[in-house]
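The block underneath contains the structure these notes are about, expressed in structure tokens.
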Amino acid sequence: MEELLEGTDVQNDLSRVVDALPGLVWTALPDGDIDFLNQRWCEYTGLSAEEAQGRGWQAAVHPDDLHLLLERWPSEMAGGARGEMEARLRRFDGGYRWFLFRTFPLVDASGQIEKWCGMNTDIDDRRRREKNLRAIETNYSEFVESFPGLMVTMTLTGQVELFSADILQYFGKTPDELRNWQMSDAVHPDDLPRVITAFTEAVTTGKPYCIEHRCRRADGVYRWFQVRALAVRDKDGQITGWYVVMSDIDDLKHAETELRRAYDSFADAQRLSHTGSFITDLVGDDHNWSVEAYRIFEFEPGSKISVQRIQEIIHPDDLPGFQAMIARGMSGVDVNFAFRIVTFGGAVKHVRGIAHVVETVDGRPMFVGALQDVTETMVAEEALNLARSELAHVARAATLSTFTASMAHEVNQPLSGIITNASTCLRMLDADPPNVDGARETARRTIRDGNRASDVIARLRTLFSSKEFTLEPLDLNDATREVIALSLSELQRDRVIIQSELADDLPPALGDRVQLQLVIRNLLRNASDAMADVDDRPRQLTVRTELDEGDRVRLSVQDVGAGFEPQNADKLFAPFFTTKVGGMGIGLSVSRSIIESHHGRLSAASNEGRGATFSFSIPRSLEAVETT
Amino acid sequence: MNSRPLVSVVDDDESIRESLPDLLNEMGFAVQVFSSAEEFLASDFVGRTRILVLDIAMPGMSGLELQEELMHRGHRVPIVFITAHKDDTVRPALIARGAVECLFKPFSETALLSALNAALRVA
């Protein structure tokens with residue numbers, strides 16, 4: 001260096017060059033004492049060359065960095081190698097900036113270090129950037145590790161890089177195990193093909209990946225997850241890896257399954273019970289039907305429903321009723337309905353249902369309802385009615401035998417009169433002179449008795465005819481009197497005193513005369529039988545008719561017999577229940593069926609005193625039927 | 001006319017009460033009719049009756065009860081029962097109890113006459 005600085009001009013030129021270098025330049029003696037600093041060094045630190053001479057430069061180095069510098073430099077100097085170190089230098093204003101200290105040895109011909117040359121470059125900005133970047137990287141991995149859920153980042157090849165703590169816990173792996181592990185190992189075997197397909201597609205297209213599949217937990221249990229993956233790209237758009245977030249949807253999946261199962265069983269129940277449900281906005285003609293509702297109507301599932309479309313398949317006879325029902329519904333009231341439909345396939349079905357207004361939207365009533373295909377029930381009901389009428393017929397036939405004696409008695413009385421009168425008539429005519437007036441009188445009586453016998457036969461024929469069941473207005477008093485007349489001799493033989501208390505002006509009731517008479521006859525017979533053992537008091541039987549509440553008429557038969565045990569009250573009407581020796585036990589059961597087919601009720605009650613009262617009550621009209 | 005034997009007829013059936021007296025008259029009997037056993041017992045004719053034509057089944061006191069009542073009172077009047085219930089077991093039982101005859105309605109003039117004649121022989 002001294003050689004270089006021999007000429008002043010040369011020295012000045014060199015000095016300018018050194019000062020112009022983009023850095024702080026200095027030289028030091030082999031022992032480390034500074035012997036030169038360039039202008040920039042002095043300007044930066046605010047120290048003069050004199051102040052920095054020797055060891056004075058050390059005042060500008062950050063105290064924390066100085067000892068490191070002093071520690072390392074001697075060893076570097078001893079080695080004679082070039083060195084690099086980083087340390088902070090104080091600026092003239094007191095602020096510190098990081099500098100890279102580069103040191104080069106100048107060696108003489110003998111290989112001895114003559115001097116050190118140094119240049120300090122400001123690296124503060126670069127260091128700051130690096131530090132920020134490191135902080136971001138640290139934050140990112142911290143974020144992934146503390147992610148509340150299952151999250152991993154993967155390389156392009158599918159190797160695990162970062163992962164949340166939950167991942168370790170769920171899969172039961174150590175971090176090292178996880179890094180050398182393919183996640184596909186935990187995928188349910190049934191789901192694996194799907195997962196591979198989806199992942200392959202995501203990798204090839206770079207599109208986000210979203211799939212639901214089961215993953216095996218550490219304890220071997222599989223749970224459902226929704227797995228989403230997003231490609232990580234560098235600034236050139238190249239994929240460098242994947243973010244993967246796994247959401248546990250197992251409970252959701254189970255709820256979904258439960259819901260599906262509930263829906264299926266609901267649909268099954270609808271199907272089994274032939275019940276469809278619907279939600280209808282009648283005014284807007286908007287209908288939401290269940291699958292079974294479509295099935296009942298044999299409409300294409302999911303096809304558009306309209307009132308017009310339903311109306312087209314309503315049985316013509318039921319159309320007025322259907323239209324009236326729609327009109328009622330339009331006005332916003334709950335409706336019941338029953339109609340027949342003739343489906344496209346030609347089947348006639350009986351449909352019954354109910355619709356409730358659940359809310360009103362913009363003045364339009366919204367209905368929720370159910371409808372049922374009751375065709376089978378209707379057919380069964382018809383069969384039941386048939387069976388009932390056949391049973392009634394059997395019961396009538398059974399009653400016939402008990403009537404035989406009574407019938408003979410009833411007919412024999414007038415026959416006896418006829419024969420006696422005719423005999424007398426002949427005697428009177430044979431007399432000399434013939435008693436013509438007397439003969440005429442006896443002949444007249446003969447005719448009258450003949451008519452009486454004929455009346456008896458006619459009554460019996462009515463009672464035993466197998467006419468179809470018909471509900472017609474009838475005079476219950478009249479029907480009762482006829483039965484009493486036919487039963488009278490039998491009751492007398494059993495020493496029963498019958499008392500009729502038939503209401504005056506009893507209005508007509510709706511009934512099948514023959515069947516009601518069968519019931520009355522049964523009640524009389526039972527009452528009489530109930531008093532068979534009564535010897536300490538008159539065997540009083542009271543038949544009463546009266547107007548009943550609810551526009552009905554009532555007939556009751558009261559006896560003074562033993563009555564019935566309360567525990568038998570329910571069984572009285574059961575088929576084949578009997579307290580009588582030799583009784584068939586079908587009388588009351590058939591009677592009850594008959595009364596029920598009249599929309600009435602047959603009941604039994606113990607009297608306050610002795611015996612029991614059996615009574616039935618039947619409506620006077622169809623309107624009375626409706627209101628009860 | 002007083003010499004004619006008195007036949008009392010007790011029956012609740014009107015046809016019998018109307019037709020039988022005329023025939024009995026034609027046969028030469030005096031006749032009284034009663035619609036019930038009670039009415040007969042309450043009448044003046046109990047002691048004067050030579051033959052009793054008696055219906056079995058009647059409301060209130062039956063024919064059999066009347067028979068017992070009469071025996072109880074010591075009136076041993078011959079009885080011809082008449083009934084509309086044809087029951088072959090009834091007739092022997094009644095005859096065993098002292099009845100002359102039991103006729104099932106409708107009975108013939110001949111059957112009636114022979115029963116009445118038998119009753120006259122008892123009386």
Side-chain angles (χ1 to χ4, degrees), chain A residues 403-432 434-435 437-453 455-456 484 487-499 535 538-541, chain B residues 7 9-29 31 33 35-38 53-66 68 80-90 94 102-116:
Chain A
F403 253 136
T404 313
S406 171
M407 183 166 62
H409 182 269
E410 295 299 317
V411 178
N412 284 341
Q413 297 281 29
L415 281 182
S416 187
I418 288 166
I419 289 169
T420 308
N421 281 318
S423 304
T424 312
C425 183
L426 284 176
R427 277 179 176 267
M428 287 175 168
L429 291 175
D430 286 346
D432 191 18
N435 179 357
D437 288 344
R440 188 176 287 121
E441 176 57 24
T442 54
R444 194 175 291 125
R445 282 195 218 124
T446 307
I447 293 166
R448 193 201 54 200
D449 285 344
N451 285 336
R452 265 188 205 167
D455 286 349
V456 172
I484 292 174
S487 310
L488 203 53
S489 63
E490 205 180 309
L491 294 170
Q492 279 170 2
R493 185 196 60 200
D494 296 335
R495 297 170 48 218
V496 170
I497 299 164
I498 185 160
Q499 186 177 345
D535 288 316
R539 296 177 183 174
Q540 180 87 34
L541 187 161
Chain B
V7 178
V9 177
V10 181
D11 197 324
D12 63 319
D13 188 70
E14 202 188 356
S15 294
I16 297 294
R17 292 205 306 277
E18 281 179 357
S19 60
L20 209 48
D22 281 353
L23 184 59
L24 292 169
N25 272 326
E26 289 296 317
M27 288 174 172
F29 294 98
V31 186
V33 293
S35 66
S36 71
E38 290 86 348
V53 175
L54 182 56
D55 186 22
I56 296 174
M58 286 184 293
M61 187 183 274
S62 71
L64 298 178
E65 286 166 333
L66 178 58
E68 269 180 37
V80 174
F81 280 107
I82 54 175
T83 178
H85 290 289
K86 179 145 173 57
D87 185 344
D88 291 331
T89 62
V90 172
L94 289 172
C102 175
L103 299 175
F104 294 110
K105 297 176 188 177
F107 43 81
S108 68
E109 179 190 347
T110 320
L112 178 63
L113 195 54
S114 86
L116 291 171

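Worth knowing before you read on, the calculation uses all heavy atoms, side chains too, and leaves out hydrogens, waters and symmetry mates. Note on naming: letters A, B, ... go to the chains in the order of the sequence lines (proteins, then strands), and numbering restarts at 1 for each one.
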List the residues meeting side chain to side chain contact (heavy atoms under 4.5 Å, CB included) with B/Ser114, not counting sequence neighbours, and say none if there are none.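 Side chain to side chain contact (heavy atoms under 4.5 Å, CB included) check on B/Ser114 returns nothing, list empty.
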Check side chain to side chain contact (heavy atoms under 4.5 Å, CB included) between A/Ser423 and all other residues, then give those that pass, not counting sequence neighbours.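 Result, side chain to side chain contact (heavy atoms under 4.5 Å, CB included) vs A/Ser423: A/Ile419, B/Leu23, B/Glu109.
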Is A/Arg445 in contact with chain B via its backbone, its side chain, both, or neither, using a 4.5 Å heavy-atom distance?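 Only the side chain of A/Arg445 comes within 4.5 Å of chain B.
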Rounded distance (nearest 0.5 Å) linking atom CD of A/Glu441 with atom CD of B/Glu18: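 Spacing of CD (A/Glu441) from CD (B/Glu18) equals 8.0 Å.
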How far does CG of B/Asn25 sit from CZ of A/Arg427, to the nearest 0.5 angstrom?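 Interatomic distance, B/Asn25 CG to A/Arg427 CZ, rounded to 0.5 Å: 11.0 Å.
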Do A/Arg452 and B/Glu14 meet the salt-bridge criterion of a basic N to acidic O distance under 4.0 Å?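 Salt bridge between B/Glu14 and A/Arg452, a charged N being under 4.0 Å from a carboxylate O: yes.
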Looking at every heavy atom in both [X] and [Y], which two are closest together, and how far apart are they?
| X | Y | answer |
| --- | --- | --- |
| A/Thr424 | B/Glu26 | CG2-CG, 4.0 Å |
| A/Asn421 | B/Ser19 | OD1-CB, 3.0 Å |
| A/Pro414 | B/Ser15 | CA-OG, 4.3 Å |

Will you find, in the side chains of B/Asp22 and A/Thr442, an N or O donor that is under 3.5 Å from an N or O acceptor?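 Checked: B/Asp22/A/Thr442 side chains show no N/O donor-acceptor pair below 3.5 Å.
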With only heavy atoms counted, which part of B/Ile16 is less than 4.5 Å from chain A, the side chain, the backbone, both or neither?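 It is the side chain, since no backbone atom gets that close.
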Residue part contacting chain A, namely of B/Leu113, when any heavy atom lies under 4.5 Å: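 For B/Leu113, the contact with chain A is made by the side chain alone.
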Pick from B/Lys105, B/Met58, B/Met27: which one has the most heavy-atom pairs with chain A under 4.5 Å?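 Top option by heavy-atom pairs under 4.5 Å: B/Lys105.
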Please determine, among A/Ile498, A/Asp449, A/Ile497, the option with the most heavy-atom pairs under 4.5 Å with chain B.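 Heavy-atom pair counts peak at A/Asp449.
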